[in-house]
Number of protein chains: 2
Amino acid sequence: MTTEQQTHVPTQALRIVLVDDHAIVRHGLRSILERESDLEVVGEASTAAEAAAVVERTRPSIVLLDLKLSTAADTEGLDLCARLTQRHPDLAVLVLTTFLDDSLVVEAIQHGARGYVVKDVDTTELLRSIRAVARNESAFDSHAAAAMVRSMRVQPLRPKFTERELNVLQMLAHGLSNREIGGELYISETTVKFHVRNIMRKMDASSRAEVVYEASKLGVI
Amino acid sequence: MTTEQQTHVPTQALRIVLVDDHAIVRHGLRSILERESDLEVVGEASTAAEAAAVVERTRPSIVLLDLKLSTAADTEGLDLCARLTQRHPDLAVLVLTTFLDDSLVVEAIQHGARGYVVKDVDTTELLRSIRAVARNESAFDSHAAAAMVRSMRVQPLRPKFTERELNVLQMLAHGLSNREIGGELYISETTVKFHVRNIMRKMDASSRAEVVYEASKLGVI
DNA sequence: ACGGCACCTGTCCGATCGGACAGGGGGCGC
DNA sequence: GCGCCCCCTGTCCGATCGGACAGGTGCCGT
């Protein structure tokens, strides 16, 4: 909104560290940011460990963080985010990631991120977001904001299953019949039906096929 | 293997067009490529339509293509790939995408791509791949190559469905019953069963739940 | 000791599904 | 025209599923 109010050069350039496992992306970001007189890229990192070290050394005011470090889980990026913001409460972490994942937006915030933008925002929007988080504000692009709203509302997400139900759900999701599941778990077909009915009730589904569909949405498969 | 044999400067710089919906990525690529004396970025595009026009105008020898254009399906990028390679048989399309999707590797090749690398390869590997496809060779990073091997073996991958079967498969995958599907498509329940049986036969599945499972693996959902 | 919970089992029944018949219609290539 | 394929429809039947009964066991916390 008031992006143009700071026409004066700030006391000092904003010191930025880039964390992304893609060298290409780091290059692109650097070339964009270094055109701005009030921004300065003081470090890069491609892994969580490296990032922690670089931040420790360069003491930036902003970290641009891609949560999808390595091919592994998002946990690594989220953990890094939490560690950085705990050790440096003034540090502004702006998550800059490729795809929009509703649950990831929420988790990022819970882990201390101050903003979340996807990489296909245009350049000016990115710069605006950077300056916003530097001012202790928050920054979300429209998609991420929408994801937040979605995540806020609905949630009885993943309605708590018992141990046994999770077993059954797994096999159910793989297309096994009640009889087959019973064979695998050494329980009677009747018992399987008992669990399946409870799963369907909790998922508000009305057929095993729908259960498989919901399971695939929830990433159970 | 023989990457160093062309120490002489080629007759002319390789003309390259970048196609990626992320401005950041285009920037990064451009800054990397323009450091090389034998490479020249002659155009950029962020959409399929734009890409077709830019290629028509600039006549590059290489297109670096991100298949995931927009948030939509991969179809757009694949279609573009097919169109480009059909109209310009000498054009080398190198797919440069973020994530590795086994089936996408195969489809990219079937749609005329000459190489497939994921964005987290290092810079030298990317340059090597670009020069390889320019020489009419192929280029796959190790992950993509592994994906190809995987895809080669087992596969009667995605066994060719008819139009109608794809409709039914969609709804099947969302957990609808035969009756409901019939209602949606304005056909009788019997006909739905006819299609469902054909789908199950083609997928080698023995229940609709298994179909949903397979569909989720194939990314139909 | 008692209630609560997760887990297990059975019977009975109507609805749905999976599969095998046996057809008819339209489009397309040879 | 003829064959081929896709699409549509019906009937009949056994298997499975979805759901409603009515139970029994063992663990845990109060």
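In what follows, chains are A, B, ... by sequence order, proteins preceding strands, each numbered from 1.
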*asked:* For A:T85, give me all partners under side-chain contact (heavy atoms from CB on, under 4.5 Å), at least two apart in sequence or on another chain.
replied: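 A:V93.
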*Quick one: list whatever passes side-chain contact (heavy atoms from CB on, under 4.5 Å) with A:M171, sequence neighbours left out.*
A:L176, A:I181, A:E184, A:L185
*Ignoring backbone atoms, establish whether B:H195 has a side-chain N or O less than 4.0 Å from OP1 or OP2 of D:dC6.*
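Checking D:dC6 against B:H195, no side-chain N or O comes under 4.0 Å of OP1 or OP2.
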*So does B:T191 get a side-chain nitrogen or oxygen closer than 4.0 Å to the phosphate oxygens (OP1/OP2) of D:dC7?*
no
Taking atom [atom2] of [N] as reference, at what distance in whole Å does atom [atom1] of [X] sit?
X      : N     : atom1 : atom2 : value
B:R164 : D:dT9 : CZ    : C1'   : 13 Å
B:L185 : D:dC8 : CG    : P     : 8 Å
B:F161 : D:dC5 : CZ    : P     : 18 Å
B:E165 : D:dC6 : CD    : P     : 7 Å
B:R201 : D:dC5 : CZ    : C1'   : 12 Å

*From the options D:dC6, C:dC7, D:dC8, select the nucleotide whose nearest atom is closest to the side chain of A:E163.*
C:dC7
*asked:* Angle between the two end axes of the helix from C:dA1-D:dT30 to C:dC30-D:dG1, five base pairs per end, rounded to 10 degrees?
replied: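 Between the axes fitted at each end of the helix from C:dA1-D:dT30 to C:dC30-D:dG1 lies an angle of 40°.
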_Pair A:K119 + B:D20: basic N to acidic O under 4.0 Å_ = no
*Output yes when B:E36 and B:R131 qualify as a salt bridge under the 4.0 Å nitrogen-oxygen rule, no when they do not.*
yes
*Report the residues that fulfil salt bridge (Lys or Arg N to Asp or Glu O under 4.0 Å) with A:R26, sequence neighbours left out, ordered by chain and then residue number.*
A:E44
*Taking salt bridge (Lys or Arg N to Asp or Glu O under 4.0 Å) as the test, write out the residues that go with A:R201, two or more places apart.*
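If we apply the salt bridge (Lys or Arg N to Asp or Glu O under 4.0 Å) test to A:R201, skipping adjacent residues, there are no hits.
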*A:S188 near the nucleic acid: base, sugar-phosphate alone, or nothing, with a heavy-atom cut-off under 4.0 Å?*
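Answer is sugar-phosphate: A:S188 comes under 4.0 Å of backbone atoms only.
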With sequence neighbours excluded, residues passing side-chain hydrogen bond (donor to acceptor under 3.5 Å, both in side chains) with [X]:
X      : result
A:H27  : B:R35
B:E50  : B:S46
A:S206 : A:E210

*Can you give one letter per nucleotide of nucleotides 13-23 of chain C, 5' to 3': B if a protein heavy atom sits under 4.0 Å from the base, S if only from the sugar-phosphate, - if neither?*
---SSBB----
